[in-house]
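Order of the sequence lines sets the chain letters (A, B, ...), proteins ahead of strands, with each chain counted from 1.
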Amino acid sequence: MEVTQETLENSELINWTIFQELLMMDEDEEGFALSLVQTFADQAKRIFSEMEELLKDSNRSTENLQKLSSLGHYLKGSAAALGLQRIQYECERIQNYGKQNNFDNYSKAAEAKNLEDWQACCNDAYQCALDYYKQSKDLLTEYFEEPL
Amino acid sequence: MAASNSGDLQAPEDPNNCNSHNKGSGTDFVKKLFQMLEEDTFSDIVRWSDAGDSFIITDTNEFTTKVLPSYFKHGNFASFVRQLNKYDFHKVKLSHGVKQRYKMDNIWEFKHPKFSRHDSNALDGIKRKVPTKRESEAGVMLASPTNFVSITQFRNLQDHLDFLERDNQQVHREVNKLQAELQSLNGKYNSLVSTLLTSRTINESFSNAISTLSKALAQMGVQLPRFDIPLGANPPISRSPASASPAVASSTNSGPTNNNNNSNNTNNNVSLSPPQQPIKKQQQQQQPPPLQIAPLSPRRKQERILARPKGSNLHVLLVEDDNVCIQLCQKFLMKYGCTVVVVKDGLAAISAVEKVKFDLVLMDIVMPNLDGASATSVIRSFDSDTPIIAMTGNYQKEDLMTYLAHGMTDILAKPFTKLDLYMILEKHQIGNKLKRPSQDSASDSGPSSNPKISAPGSSAEVSSGSSSQQQLPVANTATASQSALQAAVQNTASTLPISTAPGNEVIVDSPTAAALMSSGLVPGAPLAPQTRKLLIQKEQQQSQQSVDSLQSEDPSVSMLASDLMGSISASESSDLLVNHMVKTEDPYENPVKRPRYA
C-alpha cells in the first residue's frame, strides 16, 4: 500500500497538524523533516533499550521507577515535537506510573500495591509505546521511502 | 698594574695595534709572543724562564726599542704590558735573589698558567678577559670573537630573563583569572544552595497545603485520587479526577462539561485560597534572597555584548537536552533570522549567559546536571533583564508558580508551533527584531497586538517602563480589523478585573493561557494540537475582516470546543472568547501570578 500524505493525515498515530508543519519546513531545507524523524528514531531506539534494561532488572526499586519516569518524560517530549501522539501518550503513562501516579485511571494502576505492580504498569505502557513506535516507523519509512 | 683601565685603550697609538693583533685568530698576540720566545732571537733581552712556565724581559729599554718594533710593530712597552694583562698574564714578583743574579733592576717576568715553553697547543686556551665595561669596549669587541661570545651569552641571558619575566606575568594573570573564576563559582554555589533551600521550603509548604486541602476536600465529601506526599520532598503531581482523562477526550466534551470544569475550578479556588495564603507569604519572604553574586561589572557587561555574533538581530540561547526538540526549535528560530546557541544542560546555560548577552533564553525544565528552574535563578543573580522562557510540557499550576518564582519570564507550552514561538517573542517585545518568515505569518502578527491576558511574566515588563515600547509594534502593525478587534477586546477586558495592564496591553498569549487554563481545567495532556487546527483555519479566514477575526485571534478557544470550530459562526466565537477570558481570568487573580524577580 502506498503511503501518501493522506495516509498520514488519517493515521491515528500521527497528529497531522504538527507533522504537516514539519513537512512544510522542507520548503527551504530539503530533507529537514526526514532528518528530524531520523533523529527521533535514533533517540527512540536508545531510550527503548534503556527502558528495557530497567524493566528487566529484577531489583525493584523506586530509583528504577524514577529512571523509567524520566526516560518516559524525555521520549514524550521528542514524540510530541513530531506529533507522534500515540507514542507520546504511552510515554506519558510511563512517566506517571514511574512516579506511582495513576493519572489516567488505569485499572491495573488503581490496584497497584507495590513497586512490582507499578513496574508492571510501566511495562504495559512500554509495550504499547514500542508497538506504536514500530507502526509509526513503518508508516514513515514507507512515506519517506527511506530506512529509519 | 693599571693595564685593565680601558681608558688607556683610547691612547692614539694603541687601538690600531690592538685591532691588528686581535684580527684573525683571537690568540694572535699570544702566538706572536710564543713565536718570539721560541725563536729566541733576542735571548739576552727576552727569554723563557728556566722552568719554562714564564718568560723574562731582562731589559725593558732594549725590549722596547728592539724587540717590540720587529715583532709587534710598535715601540710602546706600556701597551705591550696592557695586552699581556688583557690576556691574563700576571707579572711575577721577583725575589731579591733573581734580581741579584741578573744584576739589573728593570727585570719583568710574566706568567700565564697555559703559557709555557714548547707548548703551542695550549695557546688556544689563552683568551682575553671578559670586559667589565661593555659600552666603552663595544667597538673593539665587535671585532673580537672572544668578546662576541660573551655578548651572545649576555643576550641569551637577557632573552632568558625576558622569557622568565613574561612567564611570570602570565602565571600572575592566570592566578588572577583562577581567583576570579573561583569567586564566581563560589557565588554560583552559594546561590545554588540558597535555591535548594528555597525550593525545599516551598516544597514543604506545598505538601502541607496539599494535605490541608485534601482534608478539607475529604470533609466536603469529594473523592480524591490516591496520592501520598512524602513531607518535604517533591509533591507528586496531583490531579483532580475530572481532569484525569486526556485532553483528546475531554476536548470533545462541549458546553456542559466546560461549565462543570469551570465550577470545579472556582470551587477549587475558593477552598484553595486559605492554604495558599501562607505559601504566598512564604514566597514573598524568599523573594528577595540576598544576591550572592554582585551584578556584572561594566567591563563584564561590555564583554558580554562584544561576545555576540556580529550583525545578529536576535541572539538566542536554546537550552534543551532533546535532540529532536533542538533540531526543530533551532530551525524555527533560524527561520526568524535569529542566531542560536544550543547548550544541553543548566550548568552550561549559566556559563553561556555569563559570557554572552542574549536577547532571549529558551529553557527546558527537565535536564541533566541542573534543571532549568535552578539555572534560571542562578542566572537571575547576575542578569535580571534577559527574558528566560521556560519550555515545558508540564502545565500544573504549582509548576508554573515554581518557574516564575525562580525568575523565569514566561512559559511556552511544549510542543509548540512556529507561531506559538513567534507570539511569545512578540509578547516580550523582541518580535520586532525578527525577520518576518513569510507573508502569512506577517499577517498573523495579529495575535501579538491583540488581546492578551497579562500572563504572569509580562507584568514585570510593563512595570519596568517598557510600555511605550510595547505599544510600538501595535501601532505599526495595526490594521483596520486589528483595531476593531482591539476595541472589542478592550471592551471585553474592561469588564474583567484585570487591573495590572491597560486595555491594549491586555494580551492573550495562547500557550500561557493554555497552560494556566489547563492547570485548572484540563491538566496534563498538551493542548497545543488543538490550537493548531484553529490556526490553520485562521489562515484560511484571513480575508474575513473585523469581528470575524475574533474567532481566529484566540487559538485557545479551540481548547474549549475544537470540534465546534468547523461550523462555528462569528458571533458564537466571540461569545466563546468572552467566556474563555472570564474563565482564564481566574488563575491570574491568584496570588501566584506575579513574577518575583522583577
Side-chain angles (χ1 to χ4, degrees), chain A residues 12 14-22 24-29 32-33 35-44 46-47 62 66 69-70 72-86 88-89 91-93 95-96 98-106 109-113, chain B residues 225-228 230 234-239 241 243-249 320-332 334-335 364-368 391-394 413-420 437-438 440 523-526 528-537 558 562:
Chain A
E12 291 284 304
I14 291 172
N15 179 324
W16 176 243
T17 331
I18 297 178
F19 199 76
Q20 190 185 32
E21 186 166 327
L22 303 183
M24 283 178 345
M25 305 286 254
D26 273 2
E27 281 169 16
D28 50 34
E29 184 187 332
F32 177 75
S35 78
L36 207 57
V37 171
Q38 278 165 340
T39 307
F40 173 78
D42 292 345
Q43 210 153 272
R46 182 167 55 80
I47 302 271
T62 330
Q66 187 56 50
S69 172
S70 306
H73 173 265
Y74 187 81
L75 194 58
K76 180 186 81 172
S78 317
L82 297 189
L84 300 172
Q85 52 192 10
R86 284 294 167 91
Q88 177 192 344
Y89 179 65
C91 287
E92 185 168 10
R93 290 179 66 202
Q95 182 192 353
N96 278 286
K99 286 186 189 155
Q100 305 179 36
N101 173 28
N102 181 16
F103 77 121
D104 60 350
N105 284 332
Y106 180 47
E111 287 161 13
K113 290 182 187 67
Chain B
R226 212 182 342 177
F227 58 96
D228 49 30
N234 267 316
I237 307 149
S238 65
R239 301 162 197 247
S243 63
S245 52
V248 187
E320 168 69 78
D321 64 329
D322 177 351
N323 289 332
V324 176
C325 295
I326 290 173
Q327 220 174 327
L328 192 58
C329 191
Q330 197 173 13
K331 181 80 182 166
F332 285 154
M334 278 155 72
K335 263 178 109 84
D364 190 18
I365 297 295
V366 183
M367 286 181 295
M391 300 183 295
T392 176
N394 285 341
K414 263 198 206 169
F416 50 85
T417 62
K418 210 166 55 179
L419 193 61
D420 293 332
S438 61
D440 62 30
Q530 281 82 47
T531 75
R532 280 163 231 266
K533 266 187 197 165
L534 185 117
L535 291 176
I536 285 177
Q537 281 174 352
S558 64
S562 63

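- Heavy-atom distances place both the backbone and the side chain of B:Asp321 under 4.5 Å from chain A.
- Judged by distance alone, with hydrogens and angles left aside, the side-chain atoms of A:Gln85 form a donor-acceptor pair with the main-chain N or O of A:Glu12 at under 3.5 Å.
- Chosen from A:Leu22, A:Leu82, A:Val37, A:Asp28, the residue pairing most often with chain B at heavy-atom distances under 4.5 Å is A:Asp28.
- Both the backbone and the side chain of A:Ser35 have a heavy atom closer than 4.5 Å to some heavy atom of chain B.
- Comparing A:Ala79, A:Ser70, A:Ala81 by heavy-atom pairs within less than 4.5 Å of chain B, the highest count is held by A:Ala81.
- With A:Asp26 contributing its side chain and A:Phe32 its backbone, the two residues share a donor-acceptor pair below 3.5 Å.
- With hydrogens and angles ignored, the 3.5 Å screen pairs a side-chain donor or acceptor of A:Glu21 with a backbone N or O of B:Lys418.
- With a 4.5 Å cut-off on non-hydrogen atoms, A:Leu75 does not touch chain B at all.
- A heavy-atom distance below 4.5 Å is not found between the side chains of A:Glu29 and B:Met334.
- Side-chain polar atoms of B:Asp420 and B:Thr417 form a donor-acceptor pair below 3.5 angstrom.
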